[in-house]
Q: 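Below are the structure tokens for one structure; questions will follow.
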Amino acid sequence: MSIIMSGKEVSANTRAKISDEVKAFKEERGITPGLAVIIVGNNEASKVYVRNKHKACEDVGMYSKVIEMPEETAEEELLSLIDSLNKDDEIHGILVQLPLPKHIDEQKVINSISPKKDVDAFHPENVGKIMIGEYDFLPCTPAGVMEILDYYNIEISGKKCVIVGRSNIVGKPQALLLLEKNGTVTICHSRTKDLKEETKRADILVVAIGKPDFITADMVKEGAVVVDVGINRMPDGKLHGDVNFDEVAPKSYAITPVPGGVGPMTITMLLKNTLTAAKKYILTKG
């Protein structure tokens, strides 16, 4: 019977610790960690994410400021707002919910956020820090994966780690984090030849490609640890991961479910980054 690695359990455990740290920080410093979330437009999925982030902040005692802007918002108006938040001492973390409307340059917006408040860890300066292992913040989803592996005592050092997906948000930073823990890392993508042969070599397989039930039992080694980052809503309304759970679970040593696996960890790691940003703010202000 494989171990079902519950992101809900890890998230609840981690949030309890964050809540205690926030309470102590407020008592010692008289400062409430603050997160500003900006949403532009009417993307329903984005609205749900933003509501969840707002509630999560309140649950652990953080200050949350949600700023909703209309679809037609000019790029310069958004950049001006970010500039004001960069200077706002009550705000320690800034997050712009993606995707943005097509007339706004996402990279330009990301670059405008102060690296000290970039709690998504998307700014080029923070990406560079992750590359050399001297980071303040980690991208939330890959960081959540690492928390799950640590919670379930999954040994990474010396293991063959295969990542399916090379996005800047998950695949690439995930590779760096596993490498930092002395894993031997391979990144696979749409141009990879003999993908099945690559995935079958994995001791730890992380899948983040956005294709429901793509990874099947014949693509996984017996006793592998399988982390499914995918969240795909099916026509019947149910959520499926990128891994065919029913097929792969009996063959794996440990596996994350969907829903209830990596998903709950993403917002939890955002809270952790915001608390870190507030602590760093104290250091810079003296």
Side-chain angles (χ1 to χ4, degrees), residues 10-40 46-69 77-98 109-130 133-144 146-147 150-151 173 177 264-286:
V10 183
S11 177
N13 182 275
T14 305
R15 287 194 192 191
K17 293 177 181 176
I18 292 171
S19 182
D20 289 344
E21 285 189 52
V22 169
K23 183 179 179 182
F25 183 76
K26 288 161 75 171
E27 289 174 354
E28 291 169 11
R29 299 290 187 172
I31 292 173
T32 300
L35 173 68
V37 179
I38 304 168
I39 178 169
V40 184
S46 292
K47 286 184 176 181
V48 172
Y49 291 142
V50 168
R51 283 198 298 269
N52 290 341
K53 288 166 184 173
H54 179 69
K55 184 179 184 302
C57 284
E58 291 186 334
D59 287 347
V60 298
M62 290 183 179
Y63 167 60
S64 171
K65 182 176 185 178
V66 175
I67 303 163
E68 298 182 1
M69 306 182 81
E77 185 180 351
L78 176 57
L79 294 174
S80 176
L81 170 63
I82 292 170
D83 182 58
S84 68
L85 292 171
N86 282 336
K87 299 169 183 174
D88 188 339
D89 287 343
E90 289 189 343
I91 298 299
H92 306 102
I94 302 170
L95 183 151
V96 178
Q97 185 66 43
L98 302 178
V109 169
I110 289 167
N111 291 354
S112 72
I113 299 171
S114 166
K116 295 177 181 178
K117 297 190 177 187
D118 169 40
V119 287
D120 259 337
F122 291 166
H123 190 284
E125 182 176 319
N126 287 325
V127 173
K129 287 182 175 181
I130 295 166
E134 295 181 4
Y135 47 79
D136 297 318
F137 313 118
L138 291 173
C140 300
T141 300
M146 300 305 288
E147 288 278 336
D150 181 65
Y151 185 88
L177 297 185
M265 292 302 300
T266 299
I267 293 178
T268 298
M269 302 318 293
L270 174 66
L271 300 175
K272 188 173 182 178
N273 282 349
T274 302
L275 178 57
T276 298
K279 291 178 177 179
K280 292 283 183 182
Y281 167 84
I282 290 293
L283 294 176
T284 58
K285 292 294 180 178

Q: Is it the case that more than 12 heavy atoms not belonging to E58 sit under 6.0 Å from its CD atom?
A: yes

Q: Does the side chain of K47 pick up a donor-acceptor pair with the side chain of Q97 at under 3.5 Å?
A: no

Q: State, to 0.1 Å, how close H54 and S64 come at their nearest heavy-atom pair, and which atoms those are.
A: ND1-OG, 2.7 Å

Q: Counting C-beta onward and ignoring hydrogens, is there a side-chain heavy-atom pair between C57 and Y63 closer than 4.5 Å?
A: no

Q: Any chance you could measure L78, atom CG, to D83, atom CG, to the nearest 0.5 Å?
A: 11.5 Å

Q: For the NZ atom on K53, are there more than 12 heavy atoms of other groups (residues, nucleotides or ligands in this structure) within a distance under 6.0 Å?
A: yes

Q: Take atom NZ in K272; do more than 12 heavy atoms of anything else shown fall under 6.0 Å from it?
A: no

Q: Starting at CG of L270, measure out to CD1 of I18 and round the result to the nearest 0.5 Å.
A: 9.5 Å

Q: Decide yes or no for Y151 and N13: does some side-chain heavy atom of the first lie under 4.5 Å from some side-chain heavy atom of the second?
A: yes

Q: Measure the spacing between NZ of K117 and NZ of K280 and express it to the nearest 0.5 Å.
A: 15.5 Å

Q: Is V37 close to Y49 at the side-chain level, that is, under 4.5 Å between some pair of heavy atoms?
A: no

Q: Report the distance from atom CD1 of I67 to atom CD1 of I38, rounding to the nearest 0.5 Å.
A: 5.0 Å

Q: May I ask you to decide if P115's main-chain N or O and N126's side chain share a donor-acceptor pair within less than 3.5 Å?
A: yes

Q: Please name the pair of heavy atoms, one in L95 and one in D120, separated by the smallest distance, quoted to 0.1 Å.
A: CG-OD2, 3.4 Å

Q: Determine whether a donor-acceptor pair (N or O, by modelled atom type, separation under 3.5 Å) exists between the side chain of D88 and the backbone of A36.
A: no

Q: Which heavy atom of Y281 sits nearest a heavy atom of I31, and at what distance?
A: CE2-CD1, 4.1 Å

Q: Working note: V96 + I110, criterion side-chain contact (heavy atoms from CB on, under 4.5 Å); need CA distance, chi angles, decisive distance, verdict.
A: CA-CA 8 Å; V96 178; I110 289 167; over 6 Å; no

Q: Do S80 side-chain atoms and E77 backbone N/O form a donor-acceptor pair below 3.5 Å?
A: no

Q: Does some side-chain heavy atom of S114 sit less than 4.5 Å from a side-chain heavy atom of I94?
A: no

Q: Taking the side chain as every heavy atom from C-beta outward, state whether E147 and M269 have any atom pair closer than 4.5 Å.
A: yes

Q: CG of L35 to CG of N273: how many Å apart, nearest 0.5 Å?
A: 10.0 Å

Q: Whether K279 and E21 form a salt bridge (side-chain N of Lys/Arg under 4.0 Å from carboxylate O of Asp/Glu) is what I want to check.
A: yes

Q: Determine whether L271 and R15 make a side-chain contact, defined as any pair of heavy atoms from C-beta on separated by less than 4.5 Å.
A: yes

Q: Taking C-beta and beyond as the side chain, do P173 and L138 meet within less than 4.5 Å on heavy atoms?
A: no

Q: Rounded to the nearest 0.5 Å, how far apart are CE of M265 and SG of C140?
A: 10.0 Å

Q: Can you name the nearest heavy-atom pair linking M146 to L177, along with the distance?
A: CE-O, 3.6 Å

Q: Please give me the minimum heavy-atom distance between A277 and H92, naming the atom from each residue.
A: CB-O, 3.3 Å

Q: Please find the pair of heavy atoms, one from F122 and one from L98, that lie closest to each other, and give the distance.
A: CE1-CD1, 4.3 Å

Q: State whether a side-chain donor-acceptor pair under 3.5 Å links T14 with T268.
A: no

Q: Measure the shortest side-chain to side-chain distance between I39 and M69 over non-hydrogen atoms and say whether it is less than 4.5 angstrom.
A: no

